[in-house]
Participant: 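Provided herewith is a single structure, encoded as structure tokens, for subsequent inquiry.
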Amino acid sequence: MSSFTDRRAAPDAQSDGAAPEFDAIIIGAGVTGLYQLYRLRELGFSVQVFEDASGVGGTWYWNRYPGARFDSESYSYAYSFSKELLEEWDWKEHFSGQPENERYLNYVADKFDLRRHVQFNARVASAIYDEHDKRWEVHIEDGRRSRGRFLVTAVGILSAHYLPPFEGLDTFQGSWCHTGRWPKEGMDLAGKRVGVVGTGASAVQLIPEIVDEVGQLTVFQRTANYCAPLRNSRIDDEWQRRIKAAYPEIFRKCSETPGAFVHQFDPRSAWDVSEEERLSQYEALWAEPGFKKWLANFYDIMMPGAANEDYARFVRDKIRARVHDPEVAELLVPKDHPFGSKRLPLESGYYDVFNRDNVLLVDVRTAPIARVTPAGLQTAAAEYELDVIIFATGFDAVTGPLNRINIIGESGLALKDKYADGPRSYMGIQSAGFPNLFTINSASVGNFVRGSESIVEWVTDCIAYMREHEYIRIQPTPQAEDGWREHVIEASQNILRSQANSWFVGANIPGKPRMLLTSPDSAPVMRARRAEVAANGYEGFTMD
Ligand code: N01
């Protein structure tokens, strides 16, 4: 089968000093990278994947903190491309945990013989576009190099972990880690005085899992979150049969919903029904597992306005009812952002933790963390002695993992300079001046697996189209890119995801420009938009 490389340098050419050549280089062997590799290889392209970790899995490799698990139904997070895989794999829990998710991705890598295309422990330092040869040259930190006609960054949206630059961390006498870089060998927490900084989805999963093991737990909270019960359970044989029979229906449902989740909004407004009926629906959904209470509720709850605030009141009361000490309860009740404006953490015993004698909640909004000391953490009000500090402080989302690689396009333009005022791309997929670079991590919406599958398929079709028509270079026109940026800025003004200071808009990272980092459009709209662009001969892109 013909490919784009002319084989001047065969894939094993490293020994004579020349960089091996491939049709495509993929950065990342997580959910998206593995599928992109599978698809391109299926079409006969030569592909090299570079992965920083020692194994596959991406998010599910790095986030091995106790309690890490899917917050969407496991079966809605499965790859849909292989009926055989769907048939073979038994999800053990409705919301599957990190160890099983990592096992699943390893199973996929083995089943489809993907591993031999992946170089592990290979952190990409830079990717430089060679304008003369029209190829990307990728440099690994340890000196390895490879060249590819196409470069696909499957680096995830929440992979660049963020550690606030607290002074004094190097003086701390205890041990510390970030949830997104939890050590493979685990952390020794038994009987220790443990501090957790942050109360986002990671901390909300972690805290109830470790509370029995630690001696004393101190939670440093800057912003209270709305959290709802996960209600996880094992999948029994009968459920397993039902899931397997329902896969086509599950994927069809996901393809129709705004966030590609399995739940569909109630088409009624919260005000279409009586107060009694409204409350009864709130209660009924609250008793259900997963995101139903968020994504199967009255449609206007997920829009800024009165219905959203009505539901926020309901959730606040649910929190108050769980926490015995009214002062602690009030601290845990969010009041400064709308419900659903951040990704809703799903909890399993989170609020009950704060009823225990060995748990202390520290408000670092009124008395911020000033520094790390040799003995613990110093806030503006007091010093807290700790043996272990766990930073559950989030991620430099979407653009962070790209900016940590030195990506240089045409005329020496650095992607991080181009992104200095927020991302500049066409549909999140490509950026002008960076030919043949597909930033697929930036284009996903909602349920990550569902979202990324369709992007991978679009990129694969695009590369196949180029081969068929003998094009060797694609990039968006500056006009298409400007139009997309204007659209993102305008359309994101009035959606919930822009209303809080979260990673959605880069507001969790000091100094990062505030802009919606993913598409403001729903998953079906994005899919239709991409399909139309392709059907019109890749309108908005130039190919030569
Ligand atoms: O990170 P976060 P996360 N001083 O950014 C606090 C996905 N996810 O890792 O809110 C004190 O939400 C910060 O405080 P504030 C999911 O999409 C999915 O928890 O900025 N505190 C906040 O409390 C999620 O949205 C699953 O005021 C500081 C916390 O650190 C995304 O990952 C599970 C601070 C960071 O919360 C990120 O979640 C877990 C400072 N200087 C995560 N700096 C699933 O279930 C930061 N904080 C699939």
Side-chain angles (χ1 to χ4, degrees), residues 2-5 22-27 32 36 39-40 43 45 47 127-136 148-155 398-399 402 407-411 413-415 417-419 422-445 451-489 491 517-521 523-544:
S2 75
S3 68
F4 288 93
T5 49
F22 298 89
D23 291 322
I25 294 177
I26 298 171
I27 308 177
T32 313
Q36 185 68 78
R39 276 282 177 231
L40 287 176
L43 292 181
F45 293 113
V47 187
I128 295 163
Y129 188 64
D130 176 339
E131 287 181 62
H132 181 260
D133 276 357
K134 301 188 174 43
R135 280 178 173 74
W136 282 95
R149 177 72 72 198
F150 296 93
L151 177 63
V152 182
T153 54
V155 291
V398 185
T399 51
L402 291 172
I407 299 177
I408 306 290
E410 289 175 329
S411 312
L413 179 64
L415 191 70
D417 290 339
K418 186 165 177 194
Y419 278 13
R424 280 191 174 273
S425 74
Y426 184 36
M427 302 190 299
I429 291 183
Q430 273 216 316
S431 193
F434 298 83
N436 294 5
L437 167 65
F438 292 100
T439 50
I440 53 176
N441 64 309
S442 307
S444 186
V445 176
S452 67
E453 264 188 354
S454 77
I455 294 158
V456 164
E457 283 154 15
W458 190 91
V459 169
T460 309
D461 291 347
C462 174
I463 294 177
Y465 175 94
M466 289 176 70
R467 177 172 66 183
E468 196 186 325
H469 293 83
E470 299 185 347
Y471 291 120
I472 56 166
R473 217 160 60 135
I474 179 172
Q475 61 179 317
T477 64
Q479 294 79 0
E481 187 172 284
D482 289 347
W484 176 251
R485 188 173 156 96
E486 274 166 37
H487 169 65
V488 172
I489 292 171
L517 296 170
T518 52
S519 167
D521 301 320
V525 167
M526 278 311 294
R527 263 200 323 278
R529 188 191 290 274
R530 285 194 298 266
E532 194 185 337
V533 163
N536 292 335
Y538 293 90
E539 197 175 15
F541 292 89
T542 53
M543 290 190 188
D544 53 41

Participant: How far apart are the closest heavy atoms of Arg473 and Tyr129, and which atoms are they?
Facilitator: CD-OH, 3.1 Å

Participant: Ignoring hydrogens and angles, tell me if any N or O in the side chain of Arg485 forms a donor-acceptor pair with the backbone of Pro423 under 3.5 Å.
Facilitator: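 Looks like yes, one N/O pair under 3.5 Å.
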
Participant: Please round to the nearest 0.5 Å and tell me the distance separating atom CZ of Arg467 and atom CD1 of Ile472.
Facilitator: 15.0 Å

Participant: side-chain contact (heavy atoms from CB on, under 4.5 Å) for Asn436 and Lys134? Distances and angles first, verdict last.
Facilitator: CA-CA 9 Å; Asn436 294 5; Lys134 301 188 174 43; over 6 Å; no

Participant: Between Leu402 and Thr439, what is the shortest heavy-atom contact and its length?
Facilitator: CD1-CG2, 4.1 Å

Participant: Quick one, Ile455 and Arg530 - any side-chain contact, counting heavy atoms below 4.5 Å?
Facilitator: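 Yes; the side chains approach each other to less than 4.5 Å.
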
Participant: Quick one: which of Pro476, Ser425, Pro435 gives a side-chain contact (heavy atoms from CB on, under 4.5 Å) with Gln430?
Facilitator: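 Checked Pro476, Ser425, Pro435 against Gln430; only one passes side-chain contact (heavy atoms from CB on, under 4.5 Å): Pro476.
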
Participant: Identify the two heavy atoms, one from Cys462 and one from Met543, that lie closest to each other, and give their separation to 0.1 Å.
Facilitator: SG-CE, 4.3 Å

Participant: To the nearest 0.5 Å, how far apart are OG1 in Thr460 and CD1 in Ile440?
Facilitator: 8.0 Å

Participant: Any chance you could measure Leu437, atom CG, to Ile474, atom CD1, to the nearest 0.5 Å?
Facilitator: 11.5 Å

Participant: Indicate whether the side chain of Gln475 and that of Thr542 have a donor and an acceptor atom separated by less than 3.5 Å.
Facilitator: no

Participant: How close do Ile408 and Phe434 get, counting heavy atoms only, and between which atoms?
Facilitator: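 Smallest interatomic distance, heavy atoms only, reads C-CE2, 4.0 Å.
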
Participant: Among residues at least two apart in sequence or on other chains, which ones pass ring-ring contact (aromatic ring centres under 6.0 Å, His included) with His132?
Facilitator: none

Participant: On the 0 to 90° scale, with breaks at 30° and 60°, tag the Trp458-Phe438 ring pair as parallel, tilted or perpendicular.
Facilitator: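 Plane angle over 60°, so perpendicular.
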
Participant: Establish, yes or no, whether the cationic atom of Arg149 lies under 6.0 Å from the six-membered ring centre of Phe45 and within 45° of the ring axis.
Facilitator: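 No.
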
Participant: Going by the rule salt bridge (Lys or Arg N to Asp or Glu O under 4.0 Å), which residues pair with Arg529 if we only count those two or more places apart in sequence or in a different chain?
Facilitator: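 With sequence neighbours excluded, Arg529 shows a salt bridge (Lys or Arg N to Asp or Glu O under 4.0 Å) to Asp521, given in chain and number order.
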
Participant: Is the Trp484 ring parallel, tilted or perpendicular to the Tyr426 ring (thresholds 30°, 60°)?
Facilitator: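 The arrangement is perpendicular - the two ring planes meet at more than 60°.
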
Participant: Can Ser431 and Glu481 be said to form a side-chain contact (heavy atoms from CB on, under 4.5 Å), step by step?
Facilitator: CA-CA 7 Å; Ser431 193; Glu481 187 172 284; 3.7 Å; yes

Participant: List the steps, then state whether side-chain contact (heavy atoms from CB on, under 4.5 Å) holds for Leu40 with Asp23.
Facilitator: CA-CA 9 Å; Leu40 287 176; Asp23 291 322; over 6 Å; no

Participant: Main chain of Phe541, side chain of Thr477: is a donor-acceptor contact present, judged purely on distance under 3.5 Å?
Facilitator: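 It does not hold such a pair.
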
Participant: Can you list the steps and then say if Trp136 with Phe22 is a side-chain contact (heavy atoms from CB on, under 4.5 Å)?
Facilitator: CA-CA 10 Å; Trp136 282 95; Phe22 298 89; over 6 Å; no

Participant: Check Glu131 against Gly409 and note the closest heavy-atom contact, atom names and distance.
Facilitator: OE2-O, 4.5 Å

Participant: Calculate, to the nearest 0.5 Å, the distance between atoms NZ and OG1 belonging to Lys418 and Thr399 respectively.
Facilitator: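 Going from the NZ atom of Lys418 to the OG1 atom of Thr399 covers 14.0 Å.
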
Participant: Heavy atoms, side chains only, cut-off 4.5 Å: are Met427 and Ser519 in contact?
Facilitator: no

Participant: Please report the closest heavy-atom contact between Ala464 and Leu43, naming both atoms and the distance.
Facilitator: CB-CD1, 3.7 Å

